[in-house]
Amino acid sequence: MLEANSLCKVYGNTVAVKDLDLKVGPGEIYCMLGANGAGKTTTVNCFLNFIEPTSGNVKINGIDVQKKPMETKEHVAYIPENVMLYRNMSGLENLRYFATLGGSGCTEGDCHDLLARCGLQPDAVGKDVVGYSKGMRQKVGIAIALAKRAGAVLLDEPTSGLDPKSSNEFSELLLQLSSENVAIFMVTHDLFRAKETGTRLGIMRQGELVRELDAEEVSHSEVEKIYLEEMKY
Ligand code: ATP
């Protein structure tokens, strides 16, 4: 579903991503870890066609993102660290607006169901986003992503700044999505959540994927130990 083949991105003297090969299949949750500047966001941005690879390619659903950007966008939803919403519209209005824009044609009932499924408190649904916490905005963001019914979801540090309960609820939603065969690629610094939610974990260092782990085969403490070992170089 999501595929990077010998992906490279170079900025001047900086090799942001080097020879990255990656596959995320339906139902997989791939969590990408790595220090600041390791190349994680650059990878996501290539999948979103925000930037062009220097060489190699990325594919969504077998379609080359750079060759058919509009087509691949239909298959993917994106949740950034800070979901941007219209502050003077309610969560419901934002969802309705973005769902219509995305062509998914959600009914009023669908929108309510989605927001409830994403855990937005019923009394917040009709209130302006300006008064929402970050966790509430992220929940609307997930609802917008779900409304798109995309086969792949890309997330860039979506739980940064969320309290443990909201972060846990977020993980539950990702697990639900994976049970519906969605391919998920999440950039995160949260080793605990990555191990808890991910099916596979990747560790990037200076643009290279230096380690891949099967989440079931490692304990929380092993993930931390391996991560710290990789960061020594
Ligand atoms: P973080 O965890 O801090 O978000 P990251 O792993 O997502 O980091 P990237 O944002 O992908 O890292 O950056 C990878 C490298 O590419 C860094 O050295 C960064 O400085 C460089 N880089 C990213 N974007 C640009 C750009 N537009 N111009 C020049 N260099 C860039």
Side-chain angles (χ1 to χ4, degrees), residues 2-24 28-60 64-66 69 72-73 76-84 134-135 137-138 141-142 145 152-164 166-167 170-171 174 183-213 215 220 223-233:
L2 292 167
E3 207 182 313
N5 300 300
S6 307
L7 178 68
C8 292
K9 180 68 189 176
V10 180
Y11 293 104
N13 294 328
T14 306
V15 182
V17 176
K18 189 179 174 193
D19 289 332
L20 177 67
D21 287 308
L22 191 76
K23 271 198 176 77
V24 188
E28 275 196 283
I29 303 180
Y30 193 112
C31 294
M32 189 61 91
L33 307 161
N36 296 128
K40 306 177 297 295
T41 296
T42 302
T43 304
V44 169
N45 286 344
C46 287
F47 276 112
L48 293 167
N49 197 39
F50 289 168
I51 54 174
E52 205 176 316
T54 306
S55 61
N57 63 51
V58 286
K59 292 181 180 175
I60 298 174
D64 190 311
V65 170
Q66 272 65 48
T72 52
K73 278 207 164 76
V76 70
Y78 169 53
I79 300 174
E81 183 179 351
N82 288 299
V83 172
M84 301 303 283
K134 175 169 178 174
R137 288 197 304 275
Q138 292 303 91
I142 280 243
V153 178
L154 298 165
L155 305 105
D156 197 348
E157 298 183 39
T159 55
S160 119
L162 291 193
D163 66 55
S166 301
S167 183
F170 199 87
S171 294
L174 292 187
I184 298 168
F185 181 78
M186 175 163 74
V187 168
T188 182
H189 288 295
D190 188 336
L191 303 185
F192 176 83
R193 280 285 150 228
K195 152 70 186 145
E196 204 68 4
T197 322
T199 50
R200 256 187 319 147
L201 315 180
I203 301 175
M204 282 183 88
R205 189 181 64 230
Q206 291 170 8
E208 288 187 73
L209 179 62
V210 290
R211 200 74 181 249
E212 272 192 321
L213 305 166
H220 285 283
V223 173
E224 187 177 35
K225 191 163 166 258
I226 293 167
Y227 179 86
L228 292 175
E229 266 168 19
E230 291 296 346
M231 291 304 119
K232 276 185 194 158
Y233 299 99

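Remember, it's a predicted structure, so these values are computed and weren't measured experimentally. Remember, it's 1-based here, ligands and their atoms both numbered in the order they're listed. Position 1 is the first residue of the sequence; numbering continues from there.
Rounding to the nearest 0.5 Å places OG1 of T159 at 10.0 Å from NE2 of H189. If you take CE on M186 and CG on D156, they are separated by 10.5 Å, rounding to the nearest 0.5 Å. Between I60 atom CD1 and L154 atom CG the span is 6.0 Å, to the nearest 0.5 Å.
The residue from T42, V187, L33 that puts a heavy atom closest to atom 11 (O) of ligand 1 is T42.
Protein non-hydrogen atoms do reach within 4.0 Å of atom 15 (C) of ligand 1. When distances from atom 20 (O) of ligand 1 to the protein are checked, no heavy atom turns up under 4.0 Å.
Between E157 and ligand 1 there is a heavy-atom distance shorter than 4.0 Å. The shell of residues lying under 4.0 angstrom from ligand 1, judged by heavy atoms, includes A35. Judged by the shortest distance from any of its heavy atoms, K9 lies outside the 4.0 Å radius around the atoms of ligand 1.
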Begin from the C-alpha positions of S167 and R193 and carry the test side-chain hydrogen bond (donor to acceptor under 3.5 Å, both in side chains) through to its verdict.
CA-CA 8 Å; S167 183; R193 280 285 150 228; 3.1 Å; yes

Evaluate V15 against Q206 for side-chain contact (heavy atoms from CB on, under 4.5 Å), listing each step before the verdict.
CA-CA 8 Å; V15 182; Q206 291 170 8; over 6 Å; no

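Considering backbone and side-chain N/O of G37, one or more are found under 3.5 Å from N/O of ligand 1. Ligand 1 has no nitrogen or oxygen under 3.5 angstrom from a nitrogen or oxygen of G34. For ligand 1, the polar-atom distance check finds an N/O of N36 within less than 3.5 Å of one of the ligand's N/O atoms.
Taking every heavy atom of H189 and a limit of under 4.0 angstrom, the matching atoms of ligand 1 come to 2 (O). Within the listing of ligand 1, atoms 18 (O) sit less than 4.0 angstrom from a heavy atom of T14. Taking every non-hydrogen atom of A38 and a distance limit under 4.0 Å, the qualifying atoms of ligand 1 come out as 5 (P), 6 (O), 12 (O).
In terms of modelled atom types and a separation under 3.5 Å, the side chain of R205 and the main chain of E230 share a donor-acceptor contact. Between the side chain of T54 and the backbone N or O of V10 there is at least one donor-acceptor pair closer than 3.5 Å.
Between Y227 and L33 the shortest side-chain heavy-atom distance falls below 4.5 Å.
Counting only heavy atoms of the protein, atom 26 (C) of ligand 1 lies nearest to Y11 CE2, 3.4 Å. The closest protein non-hydrogen atom to atom 10 (O) of ligand 1 is T41 CB, 3.8 Å. Looking at atom 2 (O) of ligand 1, its nearest protein heavy atom turns out to be K40 NZ, 2.8 Å.
Around atom CD of Q66, more than 12 heavy atoms belonging to other residues, nucleotides or ligands sit under 6.0 Å away.
Ring geometry for F192 versus H220: interplanar angle under 30°, hence parallel rather than tilted (30 to 60°).
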